[in-house]
Amino acid sequence: MSYENVIVENRENVQILYINRPKVLNALNEQTLLEIEAAVKSFAEDTNLSVLIITGSGDRAFVAGADIEAQYPLDAVQGRKWGLLGHRVFTLIETLEKPVIAAINGYALGGGCELAMACDIRLASEKAQLGQPEVTLGITPGYGGTQRLTRLVGPGKAKQLVFTGQRITAIEAHRIGLVDEVYPHETLLEEAIKMAQLIASNAPIAVRYSKVLINQSIQINNDMATTVEAGLFGLCFATQDQKEGMGAFLEKRKPVFQGK
Ligand code: CAA
């Protein structure tokens, strides 16, 4: 499938998805969101691919937000539809049963910060700046910002970032738990690929179940979460990968996982 606003590149079993509208700092319009959705679905279905990295084209921006020119004329009904589209695409990423890494190579603002927060792990370049500037435009965050940001940094910091609309550096974002690692700008993608390959070398079903369980931890109570964790933990013992992983440890060799 060919895309206009995203580029897809495979490095063995790791896929890199570039958001590609560098002239507008990779701002998300409807077509871009639909192309991200199509690309993520196709990644999900490809059994040869294990980990997805999302990054921005050019060296200035990850994504500078939802496209302001596209949003300007919207009425209330269209605005709601616009919000629901972003939620649909970002929830797809969040709930995808394969790991997704955001490589934040520059501005991650508004919908861009929200896209990064829908990913499982956030790696940032030292040049990155993050923020939720929506209130400076007369709107609230619309693609999950009030929810995912609060879960990542707590309500106090989330309110500070959203109410002020100020941008913060990658270092500050790391300090408050909004990004997980910060790297020199030049090595960000390389580091993201390295981490993706490390994840891809582990047992795919166990990684998948772990993502499901960690995601559920914020939605269900502890008793329920414990029951679900025990269930998926138990299910791992029905996989060949469990016999391979533990067998390899006992035989003092490296495991070779098949995802079965
Ligand atoms: N939408 C549309 N176009 C955008 C854009 C956006 N979110 N962000 C940047 N652009 C465009 C600019 O209009 C400009 O286009 P022209 O060259 O045609 O003028 C081009 O990208 C380069 O941007 P700047 O000239 O502004 O670059 P700068 O270095 O001076 O500033 C910036 C960079 C601080 C990121 C600034 O562009 C900026 O503040 N952008 C908007 C950030 C923002 O408010 N994002 C939130 C959007 S609303 C949202 O996301 C809602 C939601 O939650 C769903």
Side-chain angles (χ1 to χ4, degrees), residues 4-7 17-37 40 54-95 100 102-119 122 124-153 155 157-173 178-179 185 188:
E4 240 178 73
N5 296 341
V6 304
I7 297 171
L17 174 66
Y18 296 87
I19 314 298
N20 185 39
R21 297 184 76 211
K23 284 189 181 149
V24 286
L25 304 181
N26 303 324
L28 301 171
N29 60 3
E30 185 181 9
Q31 186 182 338
T32 310
L33 284 166
L34 292 173
E35 289 187 8
I36 295 171
E37 183 176 46
V40 169
I54 300 181
T55 193
S57 280
D59 71 346
R60 292 198 61 209
F62 174 71
V63 166
D67 190 310
I68 297 169
E69 199 178 327
Q71 292 172 92
Y72 176 72
L74 301 184
D75 63 25
V77 172
Q78 292 165 329
R80 179 170 178 273
K81 206 170 151 214
W82 176 254
L84 288 174
L85 171 63
H87 276 295
R88 190 175 87 204
V89 178
F90 291 7
T91 301
L92 172 73
I93 293 168
E94 185 175 53
T95 57
V100 185
I104 307 168
N105 57 316
Y107 292 115
L109 304 175
C113 189
E114 290 167 314
L115 170 60
M117 291 191 291
C119 298
R122 280 154 294 285
S125 124
E126 278 168 350
K127 273 168 69 174
Q129 290 190 34
L130 296 92
Q132 296 290 153
E134 285 88 344
V135 296
T136 69
L137 298 165
I139 55 173
T140 63
Y143 292 165
T146 58
Q147 307 306 302
R148 293 193 181 98
L149 183 62
T150 307
R151 286 183 212 127
L152 284 169
V153 304
K157 265 291 164 207
K159 285 175 182 168
Q160 182 187 340
L161 286 171
V162 172
F163 295 176
T164 65
Q166 280 182 327
R167 303 196 290 267
I168 57 171
T169 62
I171 300 292
E172 175 64 2
L178 179 51
V179 306
H185 188 69
L188 172 68

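For the numbers below, each heavy atom of this structure counts, side chains included, while hydrogens, waters and symmetry mates do not. One-based numbering along the sequence shown. Numbering of ligands and ligand atoms starts at 1, following listing order.
- Of the heavy atoms in Leu28, none comes closer than 4.0 Å to ligand 1.
- Within a 4.0 Å radius of atom 1 (N) of ligand 1, the protein contributes one or more non-hydrogen atoms.
- Looking at ligand 1, you won't find any N or O of Trp82 less than 3.5 Å from one of its N or O atoms.
- When only interatomic distances are considered, the shortest N/O to N/O separation between Glu114 and ligand 1 falls below 3.5 Å.
- In this structure, Gly56 and Tyr18 approach most closely via the heavy-atom pair O-CD2, 4.1 Å.
- Judged by distance alone, with hydrogens and angles left aside, the side-chain atoms of Asn105 form no donor-acceptor pair with the main-chain N or O of Ser125 at under 3.5 Å.
- The two residues Gly110 and Glu134 make their nearest non-hydrogen contact at CA-OE2, 3.1 Å.
- When each atom of ligand 1 is checked for a heavy atom of Arg167 under 4.0 Å away, the hits are 34 (C).
- Heavy-atom distances between Ile139 and ligand 1 reach below 4.0 Å in at least one pair.
- Less than 4.0 angstrom separates atom 7 (N) of ligand 1 from at least one non-hydrogen atom of the protein.
- Put simply, part of Lys23 is less than 4.0 Å from ligand 1, judged by heavy atoms.
- Note that atom 10 (N) of ligand 1 has protein non-hydrogen atoms nearby, at separations under 4.0 angstrom.
- In terms of heavy-atom proximity, Thr91 sits nearest to Arg148 at OG1-NH2, 3.8 Å.
- Using a 4.5 Å cut-off on side-chain heavy atoms (C-beta onward), Ile7 and Ser57 make contact.
- At a distance under 4.0 Å, a protein heavy atom can be found next to atom 50 (O) of ligand 1.
- A donor-acceptor pair under 3.5 Å is absent between the side-chain atoms of Glu94 and the main chain of Phe90, judged by distance alone.
- Put simply, atom 30 (O) of ligand 1 has no protein non-hydrogen atoms near it, under 4.0 Å away.
- Residue Gln71 has at least one heavy-atom neighbour below 4.0 Å for each of these atoms of ligand 1: 48 (S), 51 (C).
- Ligand 1 has a nitrogen or oxygen under 3.5 angstrom from a nitrogen or oxygen of Ala64.
- For atom 34 (C) of ligand 1, the protein comes within 4.0 Å by at least one heavy atom.
- The shell of residues lying under 4.0 angstrom from ligand 1, judged by heavy atoms, excludes Gln129.
- Remark: the backbone N or O of Gly145 is paired with a side-chain donor or acceptor of Glu114 at under 3.5 angstrom.
- Looking only at side-chain heavy atoms (C-beta outward), Phe62 and Leu115 come within less than 4.5 Å of each other.
- With His87 contributing its side chain and Gly142 its backbone, the two residues share a donor-acceptor pair below 3.5 Å.
- At under 3.5 Å, not a single nitrogen or oxygen of Leu137, backbone or side chain, sits near a nitrogen or oxygen of ligand 1.
- When non-hydrogen atoms are compared, ligand 1 lies under 4.0 Å from the side chain of Pro133 (C-beta onward) but not from its backbone.
- Taking atom 47 (C) of ligand 1 as the reference point, the nearest protein heavy-atom neighbour is Ala66 O, 3.5 Å.
- In this structure, atom 4 (C) of ligand 1 lies nearest to the protein heavy atom Val24 O, 3.8 Å.
- Nearest protein heavy-atom contact of atom 24 (P) of ligand 1 is Leu25 CD1, 4.6 Å.
- Within the 4.5 Å cutoff, side-chain heavy atoms of Ile54 are placed close to those of Ile93.
- Geometrically, ligand 1 and Leu109 share no nitrogen or oxygen pair separated by less than 3.5 Å.
- With hydrogens and angles ignored, the 3.5 Å screen pairs no side-chain donor or acceptor of Gln129 with any backbone N or O of Arg167.
- Nearest protein heavy-atom neighbour of atom 53 (O) of ligand 1: Glu134 OE2, 2.6 Å.
- Atoms of ligand 1 lying under 4.0 Å from any heavy atom of Ile68, numbered from 1 in the order shown and given with element: 1 (N), 2 (C), 6 (C), 7 (N), 41 (C), 44 (O), 47 (C).
- Atom CZ of Arg151 sits in a crowded spot, with more than 12 heavy atoms from other residues, nucleotides or ligands closer than 6.0 Å.
- Heavy atoms of other residues, nucleotides or ligands lying less than 6.0 angstrom from CD of Gln78 number more than 12.
- Between Asp59 and Lys127, some side-chain heavy-atom pair lies under the 4.5 Å cut-off.
- Under the 4.0 Å distance rule, the nearest protein heavy atom to atom 21 (O) of ligand 1 falls inside the cut-off.
- With Arg122 contributing its side chain and Leu178 its backbone, the two residues share a donor-acceptor pair below 3.5 Å.
- Between the side chain of Glu35 and the backbone N or O of Glu4 there is at least one donor-acceptor pair closer than 3.5 Å.
- Checked against a 3.5 angstrom limit, the closest N/O atoms of Arg60 and ligand 1 fall inside it.
- Within a 4.0 Å radius of atom 45 (N) of ligand 1, the protein contributes at least one heavy atom.
- Where the criterion is an N or O separation shorter than 3.5 Å, residue side chain and backbone included, Gly111 meets it with respect to ligand 1.
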